[in-house]
Amino acid sequence: MNMVLHELKSCRKSTIVWAISIALMTIFFLSLYPSFSSSASLVKKILEGYPEPVRKAFGISIDDITKFLGFYSYMFSYVVLLGAIQAMNYGISAISKEIKLKTADFLITKPVRRDEVLTSKLFASLISLIITDIIYLVTAFITAESVAKESFNIKLFFMISVTLFFVQVIFMSIGILLSTIMRKIKSTISLSLGVVFAFYIIGMLQSTLNDKAMKYITPFKYFDAGYIIKNSSYDMTFVIISLFVVVVSILLSYVFFLKRDIYTV
């Protein structure tokens with residue numbers, strides 16, 4: 001428990017910065033909705049001027065963008081992008097931070113097992129993500145209630161919103177796996193950005209090409225807002241894939257970390 005609290009304290013500033021950044025972006029984007037809804041015909045006309053592949057790549061639906069949940073889904077894709085970067089950064093820095101600061105050897109000489117060290121870091125990262133997401137959910141709902149002129153399905157709103165956490169857990173688990181596999185990571189944020197944007201670009205290509213097989217490659221397509229709005233449910237195939245990726249990544253992280261050589265200063 002003390003180790004979890006220590007990890008939470010060390011990433012306290014980071015959690016605050018991420019939470020505030022995502023909240024401010026949410027307020028900014030949602031505050032634009034009244035303009036979109038009041039000028040629906042003009043907005044549609046402007047969007048029709050863009051090539052269809054471009055609209056698909058950025059997840060823009062002409063028929064839905066002027067409806068609140070459609071607009072929210074579009075905005076939410078960027079929230080998920082930021083959240084994925086945060087989660088990947090937390091995952092990668094879980095172990096690499098200790099290696100970079102040359103504190104790993106000190107850490108494992110304390111009277112705790114390696115699996116306890118990794119578990120503490122895992123729980124601390126999860127708690128930080130939960131705090132960020134709670135702040136986001138509260139901010140998004142209050143802002144939505146303020147700007148939406150028409151009533152919207154609150155159940156669907158929250159079903160879409162909580163997928164932020166699902167995607168974050170996937171990227172965090174992948175990040176932790178990378179941190180246990182890679183011997184030395186020079187910059188956690190650079191690696192985080194590289195991995196997340198690679199998956200994001202694959203998602204954009206999938207939308208443009210409408211290639212169903214590519215959906216299995218990127219976590220950004222596992223919880224599609226359009227599918228949720230249409231079916232009022234999650235695609236169970238991708239829910240199972242998400243659980244598989246998380247469980248396997250975390251289990252492999254324990255295996256590699258328990259066997260890893262920790263070099264002393």
Side-chain angles (χ1 to χ4, degrees), residues 6-26 57-59 76-107 117-118 120-133 136 164-207 214 217-222 242 245-246 248-250 252-254 256-257 260-263 265:
H6 172 75
E7 289 298 321
L8 285 173
K9 186 177 180 180
S10 66
C11 64
R12 177 179 56 193
K13 292 182 179 179
S14 173
T15 304
I16 293 173
V17 170
W18 278 109
I20 292 176
S21 299
I22 293 174
L24 289 176
M25 188 187 76
T26 301
F58 288 95
F76 185 69
S77 64
Y78 295 103
V79 171
V80 173
L81 177 60
L82 280 184
I85 295 172
Q86 177 194 16
M88 178 63 75
N89 188 54
Y90 284 173
I92 292 175
S93 63
I95 303 302
S96 64
K97 179 179 67 175
E98 305 296 344
I99 302 297
K100 185 176 181 180
L101 297 177
K102 304 183 186 302
T103 56
D105 55 326
F106 167 74
L107 189 62
V117 172
L118 188 57
S120 298
K121 290 178 175 294
L122 177 63
F123 274 115
S125 296
L126 282 172
I127 292 171
S128 296
L129 293 178
I130 290 171
I131 292 171
T132 301
D133 293 354
Y136 165 72
L164 169 62
F165 180 69
F166 301 157
V167 175
Q168 284 180 313
V169 172
I170 295 172
F171 277 102
M172 183 198 70
S173 62
I174 295 173
I176 290 177
L177 178 58
L178 289 175
S179 73
T180 57
I181 293 176
M182 300 179 71
R183 180 173 177 179
K184 188 175 182 181
I185 299 174
K186 292 182 178 180
S187 173
T188 56
I189 191 63
S190 296
L191 182 59
S192 300
L193 288 172
V195 173
V196 172
F197 274 108
F199 280 117
Y200 192 75
I201 291 171
I202 293 172
M204 294 178 72
L205 289 173
Q206 188 281 323
S207 297
M214 291 180 71
I217 302 174
T218 172
F220 286 110
K221 292 297 179 180
Y222 290 177
S242 299
V245 171
V246 171
V248 171
S249 296
I250 291 177
L252 288 176
S253 297
Y254 277 96
F256 288 126
F257 186 60
R260 179 169 181 169
D261 291 328
I262 303 296
Y263 297 96
V265 181

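Heavy-atom basis, side chains included; hydrogens, waters and symmetry copies ignored. Given the structure is predicted, the values throughout are model-derived calculations rather than measurements.
Looking at residues two or more places apart in sequence or on another chain, you find a side-chain contact (heavy atoms from CB on, under 4.5 Å) between Leu24 and Ile20. Take Ser173 and apply the side-chain contact (heavy atoms from CB on, under 4.5 Å) test, not counting sequence neighbours, and it matches Val246, Ser249, Ile250. Val167 pairs by the side-chain contact (heavy atoms from CB on, under 4.5 Å) definition with Val80, Phe171, Phe223, not counting sequence neighbours. Qualifying side-chain hydrogen bond (donor to acceptor under 3.5 Å, both in side chains) partners for Gln168, counting only residues two or more places apart in sequence or in other chains: Gln86. Residues passing the side-chain contact (heavy atoms from CB on, under 4.5 Å) test with Ser192 are Met88, Asn89, Ile92, sequence neighbours excluded.
Taking a 6.0 Å sphere around CZ of Phe123, one finds it holds 12 or fewer heavy atoms contributed by other residues, nucleotides or ligands.
The distance from the OG1 atom of Thr132 to the CZ atom of Phe165 is 10.5 Å, given to the nearest 0.5 Å. To the nearest 0.5 Å, atoms CG (Leu118) and CZ (Phe257) are separated by 6.0 Å.
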For the pair Ser93 and Lys121, evaluate side chain to side chain donor-acceptor pair (under 3.5 Å) and give the outcome as yes or no after the intermediate values.
CA-CA 10 Å; Ser93 63; Lys121 290 178 175 294; over 6 Å; no
Check residues 197-205 and write down every donor-acceptor pair under 3.5 Å in which the side-chain atom is one partner and the other belongs to a residue at least two apart or another chain.
none

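Closest approach of Cys11 to Tyr90, counting heavy atoms only: O-OH, 4.3 Å.
Partner Tyr254 forms a side-chain contact (heavy atoms from CB on, under 4.5 Å) with one of Leu122, Ile176, Thr180, Leu177 and no other, that one being Leu122.
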